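Accompanying notes for the structure given below.
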Amino acid sequence: MKKILDLLTEEMGQAFAAAGYDAGMGKVTLSNRPDLCEFQCNGAMACAKKYKKAPIAIANDVAEKLAGNRMFGSVEAAAPGFLNLKVSEAFLLRYLEEMETDPKFGLDMPAKPKRIIIDYGGPNVAKPLHVGHIRSAVIGESIKRIYRYAGHEVIGDVHLGDWGLQMGLNIVGLQDRKPDLIYFDESYSGEYPEEPPFTISELEEIYPAASARSKEDPEYKARAMEATVKLQSGVPGYRALWRHMLNVSVADLKKNYASLNVEFDLWKGESNVQALIPDMVQYMKEEGYAHESEGALVVDVKEETDTREIPPCMILKSDGASLYNTTDLATILERMNLYQPDAIIYVVDKRQDLYFEQVFRCARKTRLVKKDTELKFLGFGTMNGKDGKPFKTRDGGVMRLENLIRETQEEMYRKILEGREKGHEISDEEAEKVAGIVAVSALKYGDLSNQASKDYVFDLDRFTSFEGDTGPYILYTITRIKSILNKFKEQGGNLSQVALREAQNESEKALMLQLTQFHAVMAAACEETAPHRICAYIYDLSNAFNHFYHETNILKEEDEAKRSGLIALLVLTRDILETCIDVLGFGAPERM
Ligand code: ARG
């Protein structure tokens, strides 16, 4: 469906042409002065020189051509040459009616949908998820949903870190605690037990301890490296332990992600592509892409136009070991083989920016991808505490994601009970359930409402507030609408029989105008991979709705056709808000 700005621009262009001016001057934009008009066109000023005429005279000529036009409610030429525009209520109604009948509210589907892989989450096996992982999961999930809504085929891959030194550290850490486990007996050749020899909590204690010790004790680190090599070369007991760690860890990760409505299509990881590495390296050598440098194997990726130093992409270390790079390149190879994606998007900490630049250039140069395959790095900034430093627990440790979610839920629960003191009816049980749902909106909206690449401050009190630019405010608006619709039904109203009507006053028209922006915003969010555009939109839309709500007696409206029009407007507002929060990755309760 055409964007409202495009329709107005077309009409305006025709008026310019009819008045003898260049039709290209008719560009219409949202108004800078909402107090004066809804839209504006500055074309008269832009072409004054060309026609050697005062801008206001041109604006007057154009306005004259639009007299009686059905699209515009008013067209005013204003000094020095603005065209101040309002659309007609009838045009606005027709536009919304068309949106309302479309399952995507006017968003055009792509002629040729793309297949897109999104690499996000990126947790590491046997290391607890911490807040650093929250952004990748939250942003990636939203981008996945935005592209899907926009008609593309999207595959989300968690890309587990399941192959590096951390696995060796876990193995030696476990060996210290339970040296008698059968897995460490290299003479053993039978089957290994199906039950894992540790719980997730044990596993989570093992890694930090082993990691800390390896930093102080070189011998210990050497042991961990040896264990990593043994694991990678396929020693059966180590492989069996690794499999247990993977299973225990993945079950826990899934539970954590589920509490954030984050879901992956693929649970692949670094280990999955190790078998592809030898052939890939061979190919890079044979084709002359890779060469030796100080014993290591590298691919040069710098370009003449570079304004910063881009070091070569290292494929193998001098001891022949592969690296994080090598695995990412092999993963690209595998993804191309299995899925032939049109694009791969990586949602990773922006500090890995240079790293991905090297990997992408290397993948292009060595033709792992097709010429038109898009490789996109979506780097995100850090989640900081109020002190402006990376977010920590009160005692200075790394905050576990689980605890962050729990703290947010507790704060939400407290705020909901506060509301109960003010007269909101809600049972303890429902308050707890609602707090869970609203907490997810607080965390996710708090994150997504910022441009992804920027750092932001995690402010629990602000994020959980029912007022201002927050998730709970949006949900509060939605539940307010739902509660009116429920009352309407209780009074015998039928939602399938209501019909939109022309706006009766300014606040109603302002709400209708906000609704018209939905598909333009969704298209832009998709184009720019920018969930924050949707947050900004639903904040404006919620404000427009609440303003309208305070000015209007919806259920007390006696004129039945008018009441029906108001209810239909509520239904459309609810549906658009719920569509938006769904692509952001959270939902609304029935009431709160
Ligand atoms: N596991 C990595 C980390 O914790 C993130 C993985 C990002 N994705 C990728 N394809 N390299 O830093």
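Please read all numbers here as calculations on a predicted model, not as lab measurements. Just follow the structure's listing: the first ligand is 1, and inside any ligand the first atom is 1.
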Check: So, F264 versus Y257, ring centres under 6.0 angstrom or not?
Finding: yes
Notebook entry, point to check: Considering only heavy atoms, which of Y324, Y355, F377, Y346 lies nearest to atom 7 (C) of ligand 1?
Noted result: Y324
Next item on the list: List every atom of ligand 1 that sits less than 4.0 Å from any heavy atom of G122, numbering the atoms from 1 in the order shown and giving each element.
Entry: 1 (N), 2 (C), 3 (C), 4 (O), 5 (C)
Next item on the list: May I ask whether Y120 places a heavy atom under 4.0 Å from ligand 1?
Entry: no
Note to self: Looking only at distances, can you tell me whether any N or O atom of P123, backbone or side chain, sits closer than 3.5 Å to an N or O atom of ligand 1?
What the structure shows: no
Margin query: Between F458 and F391, is the ring centroid distance below 6.0 Å?
Written below: yes
Next item on the list: For V348, counting its heavy atoms only, list the atoms of ligand 1 lying under 4.0 Å from any of them.
Entry: 7 (C), 8 (N)
Margin query: Could you tell me, atom by atom, which parts of ligand 1 come under 4.0 Å of a heavy atom of F356?
Written below: 9 (C), 11 (N)
Next item on the list: Return the orientation label for the Y192 and Y183 ring planes: parallel under 30°, perpendicular over 60°, tilted otherwise.
Entry: parallel
Notebook entry, point to check: What protein heavy atom sits nearest atom 12 (O) of ligand 1, and how far away is it?
Noted result: Q352 NE2, 3.3 Å
Next item on the list: Assess K104 against Y149: is NZ or CZ under 6.0 Å from the centre of the six-membered ring, and within 45 degrees of the ring's axis?
Entry: yes
Checklist line | Proximity flag E270 to ligand 1, non-hydrogen atoms under 4.0 Å | finding: no
Next item on the list: Report yes if the distance between the aromatic ring centroids of F518 and F105 is under 6.0 Å, otherwise no.
Entry: yes
Item checked: Part of T331 with heavy atoms under 4.0 Å of ligand 1, whether side chain, backbone, both or neither -> neither
Next item on the list: For this output row, return yes or no: ring centroids of Y355 and Y324 closer than 6.0 angstrom.
Entry: yes
Check: Can you tell which part of N124 has a heavy atom less than 4.0 Å from ligand 1: side chain, backbone, both or neither?
Finding: side chain
Notebook entry, point to check: atom 8 (N) of ligand 1: which protein heavy atom is closest, and how many Å away?
Noted result: D119 OD1, 3.2 Å
Next item on the list: Give a yes or no on whether a salt bridge exists between E411 and K415, defined as a side-chain N under 4.0 angstrom from a carboxylate O.
Entry: yes
Checklist line | Side-chain donor or acceptor of N450 paired with backbone N/O of D447 under 3.5 Å | finding: yes
Note to self: Give the atom numbers and elements of ligand 1 that come within less than 4.0 Å of a heavy atom of D328.
What the structure shows: 9 (C), 10 (N), 11 (N)
